[in-house]
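Shown next, in structure tokens, is the structure this report addresses.
Chain letters run A, B, ... following the sequence lines, proteins first and then strands; every chain starts at 1. Since we're looking at a predicted model, the values are computed, not measured.
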Amino acid sequence: MVTSGPGATNAITGIADALLDSIPMVVITGQVGTSLIGTDAFQEADIVGITRSCSKHNYLVRRVEDLERIIHEAFYIASSGRPGPVVVDVPKDVQFAEYEYVGDIVTEHKTYKPILDASPSVIADAVNLIKNAKKPVFYTGGGVINSGPEASKALRELVELTGIPVTSTLMGLGSYPSSGDKWLEMLGMHGSYQANMAMHDCDLMICVGARFDDRITGRIDAFSPNSKKIHIDIDPSSINKIIQVDLPIIGDVKSVLNDIIQLWKDGDCAKEQPSLDPWFKEINEWRSKNSYDYNKTKDIIAPQYAIERLYELTKDKDTYITTEVGQHQMWAAQHFKFEEPNHWMTSGGLGTMGYGLPAALGVQVAHPDAIVIDIAGEGSVQMCMQEMSTAMQFNLPIKIFILNNERLGMVRQWQQLLHGSRYSSTYSEALPDFVIMAKAFGCLGLRVSDPDKLDDTIKEMLAYDGPVLVDVMVEKHANCLPMIPSGASHNEMILEDVLADTEVSDAGKRMV
Amino acid sequence: MTNDKHTLSILVDNEAGVLARVIGLFSARGFNIESLTVSEIDKSSHVSCITIVTTATDNVITQIKLQLLRLVPVHSVVDLTLGPPHVEREMALIKVASVGQKRVEALRLADAFRAHTIDAAVDSFIFEITGSQDKVNQFIKLMIPLGLVEISRTGIAAISRGSEAVHDLED
């Protein structure tokens with residue numbers, strides 16, 4: 001809920017972020033009185049106009065008689081189908097008006113009708129493709145998370161039944177457990193070697209609630225050239241938008257997966273399936289490259305090591321992770337292991353620096369007794385650091401874990417790769433002292449730069465009953481690897497830190 | 001894959017901002033609009049019909065259709081070019097100012113094209129012409145040397161042939 005004018009315009013980034021990551025959200029914005037709309041009144045902004053292209057739907061409530069219906073519709077539209085943000089702009093006179101509340105919950109709409117169940121014939125086609133595949137792979141995304149915990153359960157069951165390896169996008173982490181033996185780790189630009197190679201070499205790709213984002217596909221014309229592709233998505237416009245698929249299945253992930261499971265069991269399909277052993281032999285060779293390996297520096301904390309230790313010291317607790325955007329986000333995705341859905345909140349599609357801290361506050365409100373950690377960079381955390389005051393105000397004991405390399409590391413990495421190490425605006429000589437800053441807000445501030453003291457600092461952070469900021473001084477020039485450079489295909493990953501010597505084509509540079 | 005011209009008929013709820021949503025979608029996603037007509041067709045149920053002519057490859061046309069269907073107030077989208085047989089018409093008002101032989105020739109051509117003269121002064125005419133876009137284009141071309149001053153065109157209106165309503169067929 002935000003006020004009119006600047007309050008509403010400040011919410012735009014969050015709304016756009018929710019649209020790209022399909023996050024259900026209802027934003028109620030204040031508006032000037034209906035008689036003043038269109039007169040350039042004080043704190044007036046055309047919010048339905050501004051948010052039209054960055055929301056799933058929006059409303060201007062001109063009459064109090066419409067308010068109840070619109071609010072119910074807003075929640076229904078935001079949370080059903082492909083979820084997304086809905087904006088309700090409420091003028092001041094409507095806010096003050098009185099009207100009877102009836103309480104009719106909206107469960108359908110005359111024009112908006114999401115398709116939830118797929119037809120039996122496409123389910124049968126899918127089962128047929130799956131049982132004949134020799135090198136299949138599940139490519140799962142945020143749609144599995146959005147479909148609810150039941151969808152993750154169904155995915156796990158289907159993987160168990162079919163024995164097919166699973167990879168996931170950034171947004172889908174946690175839908176399949178990291179400890180599972182079919183887990184290939186994340187795919188895409190900073191995904192694992194085995195996940196990307198499996199995507200490239202598979203003969204059947206089963207895309208579940210993912211949308212072939214450019215950070216996933218790399219070069220389109222070289223994307224998984226020899227595979228049949230099944231695409232399960234609740235949004236028909238996602239089908240064939242980027243990649244042409246052989247079998248589109250429109251429906252809710254949970255319902256479609258359960259239908260496939262049912263038919264698979266009924267047909268006793270596992271018996272007809274070819275052995276996947278040769279496929280796993282290939283995969284295990286790729287796995288043996290250990291593509292997430294990094295240089296374990298002795299005197300300086302490697303950023304990946306900091307995440308690893310954070311994971312080890314919190315894995316037995318009820319832990320939720322949010323992130324900002326940049327290298328720390330990718331390292332968190334690679335080195336923090338997720339076992340359950342909805343424990344990982346990050347800005348994927350829009351890539352919004354500043355997401356993690358306010359998101360952590362929201363998660364902490366939802367899970368008051370859990371440990372909520374915002375894994376941050378020193379650049380991103382400054383985008384919304386005023387929210388530390390909110391943490392104090394509402395007694396939200398969030399933990400802000402900054403990987404401080406004194407650089408906007410991801411941008412610096414790209415400047416090294418694409419711009420011949422001509423660095424610009426990625427180094428700050430004027431960073432705040434985060435420990436003093438934390439104290440100024442009334443939070444606990446800690447700093448660590450010695451790898452040997454890292455564990456103790458993390459333990460101190462976890463033990464403190466209140467908001468904590470930990471400033472972890474890490475290796476300044478570590479690059480986020482492995483990496484598919486722009487304009488390259490999945491089988492052209494960079495595994496070692498040879499960024500300075502990597503040739504990127506002009507076409508690739510333009511893609512970024 | 002070739003770029004073909006398609007005529008899309010879009011049935012929408014006539015609520016505030018619905019046209020802006022449709023147009024905004026085209027501009028934001030880089031689709032083009034060659035012509036657009038919109039009007040309420042059912043006052044009691046607040047339904048409007050938007051007819052858009054666009055040129056794109058088949059894949060892009062499919063995307064346009066699916067993206068339009070994501071908009072909450074959109075009832076249905078029919079690609080008339082790929083769908084059932086249909087007719088298309090455009091109306092134009094054309095002002096021609098000339099005297100003497102040119103004025104006579106303009107009037108003679110208007111008659112040949114079955115354009116109506118809806119306003120006449122001693123030195124000008126306004127013609128109303130209805131027909132296929134080609135016919136309207138051709139008439140305008142002929143009027144250029146005869147003193148063409150101003151044009152107002154409606155854009156394409158289109159409807160399927162036969163006894164069925166095309167949007168009912170979709171549902």
Side-chain angles (χ1 to χ4, degrees), chain A residues 16 19-20 22 34 37-38 46-63 66 69-70 73-74 76-78 80-89 106 108-115 211 220 231 233-245 248 250, chain B residues 1 6 8-31 33 38 40-50 54 56-79 82 165 167-168 170-171:
Chain A
L19 183 71
L20 277 189
S22 304
T34 46
I37 290 176
D46 172 17
I47 288 308
V48 285
I50 293 170
T51 58
R52 198 171 281 133
S53 60
C54 65
S55 61
K56 183 173 172 185
H57 195 47
N58 62 17
Y59 298 90
L60 170 62
V61 187
R62 285 187 173 274
R63 307 177 323 143
D66 296 330
R69 173 187 57 83
I70 287 175
E73 253 183 51
Y76 171 63
I77 289 171
S80 62
R82 179 176 178 177
V86 176
V87 177
V88 184
D89 202 21
V106 173
E108 57 177 49
H109 188 275
K110 70 176 161 175
T111 51
Y112 168 78
K113 294 178 169 44
I115 302 164
R211 58 182 178 91
I220 299 280
H231 187 180
D233 205 299
I234 199 162
D235 177 6
S237 77
S238 286
I239 308 284
N240 294 338
K241 184 172 70 173
I242 312 282
I243 298 290
Q244 296 292 312
V245 298
I250 312 230
Chain B
M1 224 175 286
H6 290 252
L8 305 178
S9 177
I10 306 155
L11 222 54
V12 298
D13 254 12
N14 188 16
E15 60 178 45
V18 65
L19 185 61
R21 277 182 217 284
V22 170
I23 295 172
L25 186 153
F26 273 76
S27 64
R29 294 191 181 267
F31 307 143
I33 296 180
V38 54
E40 193 167 62
I41 55 166
D42 187 344
K43 261 220 147 37
S44 60
S45 59
H46 303 290
V47 169
S48 287
C49 181
I50 301 176
T54 182
T57 61
D58 288 354
N59 282 343
V60 173
I61 291 288
T62 307
Q63 258 301 300
I64 292 175
K65 194 177 154 177
L66 294 173
Q67 292 293 348
L68 283 168
L69 286 169
R70 279 178 81 187
L71 300 178
V72 169
V74 169
H75 283 267
S76 64
V77 181
V78 174
D79 183 348
L82 292 182
H167 286 282
D168 282 351
E170 271 298 288
D171 299 333

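Taking every heavy atom of both residues into account, B:D13 and A:K110 meet most closely at OD2-CE, 2.7 Å. When all heavy atoms are compared, the tightest approach of B:P73 to A:H57 is CD-CE1, 3.8 Å. The heavy-atom pair separating B:Q63 from A:S237 by the smallest distance is NE2-O, 2.7 Å.
Looking at A:N58, the atoms closer than 4.5 Å to chain B (heavy atoms on both sides) sit in the backbone and in the side chain alike. Neither the backbone nor the side chain of B:A16 comes within contact range of chain A, judged by heavy atoms closer than 4.5 Å. With a 4.5 angstrom heavy-atom cutoff, A:R62 does not touch chain B via any of its atoms.
Highest contact tally toward chain A, considering only B:A28, B:G24, B:A20, is held by B:A20 [criterion: heavy-atom pairs under 4.5 Å].
Here the straight-line distance linking atom CG of B:L69 with atom NZ of A:K113 works out to 12.5 Å at 0.5 Å rounding. Note: B:R70 CZ to A:Y112 OH = 10.0 Å, rounded to the nearest 0.5 Å. Distance CD/A:Q244 to CG/B:N59: 4.5 Å, rounded to 0.5 Å. Interatomic distance, CD1 of A:I239 versus OG1 of B:T62, reported as 12.0 Å (0.5 Å rounding).
Under the salt bridge (charged side-chain N to carboxylate O under 4.0 Å, His left out) criterion, B:R21 pairs with no residue, sequence neighbours left out. Remark: B:R29 engages no residue in a salt bridge (charged side-chain N to carboxylate O under 4.0 Å, His left out) (not counting sequence neighbours).
Using a 4.5 Å heavy-atom threshold, the side chains of A:I77 and B:V72 count as touching.
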